[in-house]
Amino acid sequence: MRVEIWSDIACPWCYIGKARFTKGLAAFAHRDEVEVVFRSFELDPNSPKGTVAPVLEMLAKKYGRTLEEARGMEEHVAASARAEGLTYRTDGRDHGNTFDIHRLLHLAAARGRQEELLDLAYRANFAQERSVFDAEVLVALAVEAGLDEAEARTVLADETAYAAEVRADEREAAELGANAVPFFVLDRRYGISGGQPAEVFTQALEQAWAGREVSEPAAADACDQAGACPAPQA
């Protein structure tokens with residue numbers, strides 16, 4: 001079985017959703033026969049490259065809130081992350097264009113190190129004092145993931161490198177009707193949107209494996225194409 005996951009490093013529900021999916025997969029009897037592929041999805045593709053802004057300021061502007069209200073929104077999301085055993089900083093994070101990160105993730109996929117780089121990038125963005133919008137940080141993460149430093153630098157320096165692969169992923173997402181992430185596709189037959197609970201993923205895997213139609217899960221938190229990432233539902 002192949003599971004494809006469309007996501008963005010800037011999306012907190014993708015960070016949380018990946019952790020929940022991993023738990024759900026671990027409880028699936030045929031987990032060793034599941035291939036997981038990560039696909040590109042930019043939440044804010046029109047964000048100018050090289051321009052970053054503090055996440056709290058971005059949230060306050062987007063939702064017309066004060067900085068304190070934006071901090072409260074982040075604390076709600078952080079609580080969900082921490083419930084999954086994830087570290088989540090609500091201060092000191094940046095927001096910007098993620099296209100270069102996606103290009104580097106495609107290099108990592110070609111070298112068999114995609115998930116390693118993805119996990120490191122999530123951790124850097126949400127848990128550590130490291131900006132994933134800094135080229136030197138990206139190179140360091142690539143090396144930590146097991147990639148060649150010179151090759152990573154070459155890819156980042158060439159804006160066309162793996163650009164077609166990123167755009168192809170995004171076109172496929174649109175064709176599949178995905179307008180929010182994380183978005184999970186099981187064997188190109190079933191789609192699941194949002195950071196669902198781990199047990200929902202396990203059930204979906206079991207149903208897909210048995211060839212039964214996957215029941216539509218209740219709506220779950222996700223980040224939409226406008227870049228909106230809501231606080232956890234009550």
Side-chain angles (χ1 to χ4, degrees), residues 1-28 31 34 36-45 55 58-59 62-63 72-86 88 90 95 98 101-102 105 115 118-119 121-123 125-127 169-209 212-234:
M1 181 188 297
R2 169 181 276 205
V3 177
E4 296 164 275
I5 306 174
W6 272 263
S7 58
D8 192 7
I9 292 298
C11 165
W13 289 109
C14 297
Y15 177 50
I16 296 167
K18 182 180 184 300
R20 291 175 175 174
F21 172 78
T22 299
K23 291 178 182 177
L25 179 62
F28 177 52
R31 56 187 173 275
V34 176
V36 181
V37 179
F38 297 93
R39 302 294 191 191
S40 299
F41 189 106
E42 294 172 273
L43 287 175
D44 193 2
V55 166
M58 179 275 293
L59 290 173
K62 180 182 289 290
Y63 295 107
M73 293 168 62
E74 275 283 87
E75 286 292 351
H76 280 298
V77 178
S80 287
R82 291 164 187 157
E84 302 300 329
L86 300 171
Y88 192 104
T90 56
H95 176 80
T98 58
I101 304 170
H102 286 295
L105 283 165
E115 187 166 10
L118 182 65
D119 285 339
Y122 275 140
R123 196 173 306 128
N125 189 42
F126 292 105
D169 279 356
E170 293 174 336
R171 283 194 301 272
E172 282 194 276
E175 291 166 4
L176 290 168
N179 55 20
V181 286
F183 185 67
F184 304 79
V185 176
L186 285 64
D187 270 350
R188 286 296 170 113
R189 292 186 295 166
Y190 313 116
I192 301 173
S193 182
Q196 300 283 349
E199 56 269 23
V200 171
F201 288 119
T202 303
Q203 181 183 46
L205 289 164
E206 290 171 346
Q207 290 179 323
W209 185 268
R212 294 173 290 158
E213 185 165 347
V214 176
S215 57
E216 186 69 24
D221 295 296
C223 299
D224 65 27
Q225 284 181 305
C229 301
Q233 299 173 357

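Index from 1, following the sequence.
Ala198 approaches Lys23 most closely through the heavy-atom pair CB-CB, 3.8 Å. Taking all atoms of both residues into account, the shortest heavy-atom contact from Phe184 to Gly17 is CZ-O, 4.1 Å. Nearest heavy-atom pair across Glu42 and Pro45 is O-CD, 3.5 Å. Between Leu186 and Ala208, the shortest heavy-atom distance links the atoms CD2-CB, 3.8 Å. Pairing each heavy atom of Gly194 with each of Ala222, the nearest pair is CA-CB, 3.9 Å. Looking at every heavy atom in both residues, Ile192 comes nearest to Gln196 through CG2-CG, 3.7 Å.
With hydrogens and angles ignored, the 3.5 Å screen pairs no side-chain donor or acceptor of Arg2 with any backbone N or O of Val37. Side-chain atoms of Arg20 come within 3.5 Å of backbone atoms of Gly195 as a donor-acceptor pair (strictly under, hydrogens ignored). A donor-acceptor contact shorter than 3.5 Å links the side chain of Arg31 to the backbone of Ala26.
In this pair, Phe21 and Phe201 present their aromatic rings perpendicular. The plane angle is above 60°, beyond the 30 to 60° band.
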Trace of the side-chain contact (heavy atoms from CB on, under 4.5 Å) decision for Ile9 with Tyr122
CA-CA 6 Å; Ile9 292 298; Tyr122 275 140; 3.9 Å; yes
Run the side-chain contact (heavy atoms from CB on, under 4.5 Å) test on Leu86 and Tyr15 for me, step by step, so that the C-alpha distance in whole Å, both residues' side-chain angles and the decisive distance to 0.1 Å come before the verdict.
CA-CA 9 Å; Leu86 300 171; Tyr15 177 50; 3.6 Å; yes
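Annotation: side chain of Trp13 is in contact with side chain of Ser80 (closest heavy-atom distance under 4.5 Å). Side-chain contact between Leu105 and Phe38 is absent, with no heavy-atom pair separated by less than 4.5 Å. In this structure the side chain of Arg188 reaches within 4.5 angstrom of the side chain of Glu4, judged on heavy atoms. Using a 4.5 Å heavy-atom cutoff, the side chains of Val36 and Thr22 are not in contact. Contact of the Val77 side chain with the Ile16 side chain is registered, since non-hydrogen atoms from C-beta on lie closer than 4.5 Å. Put simply, the side chain of Trp6 reaches to within 4.5 Å of the side chain of Leu176, judged on heavy atoms. In this structure, Glu206 and Thr202 have side chains that are in contact, with non-hydrogen atoms separated by less than 4.5 Å. For the pair Lys18/Cys11, no side-chain contact is recorded, criterion being any heavy-atom separation below 4.5 Å from C-beta on.
His95 pairs with exactly one of Asn125, Leu43, Leu59, Val55 by the side chain to side chain contact (heavy atoms under 4.5 Å, CB included) rule, that one being Val55.
With respect to Arg82 and Glu75, a salt bridge is recorded, a charged nitrogen being found less than 4.0 Å from a carboxylate O.
Taking SG of Cys14 as the reference point, atom CG of Asp221 lies at 11.5 Å (rounded to 0.5 Å). Taking CD of Glu115 as the start and CD1 of Ile5 as the end, the distance is 8.0 Å to the nearest 0.5 Å. In this structure, Thr98 OG1 and Asp44 CG are separated by 8.0 Å, a value rounded to the nearest 0.5 Å. Atom-to-atom distance recorded for Glu172:CD and Phe183:CZ is 11.5 Å, nearest 0.5 angstrom.
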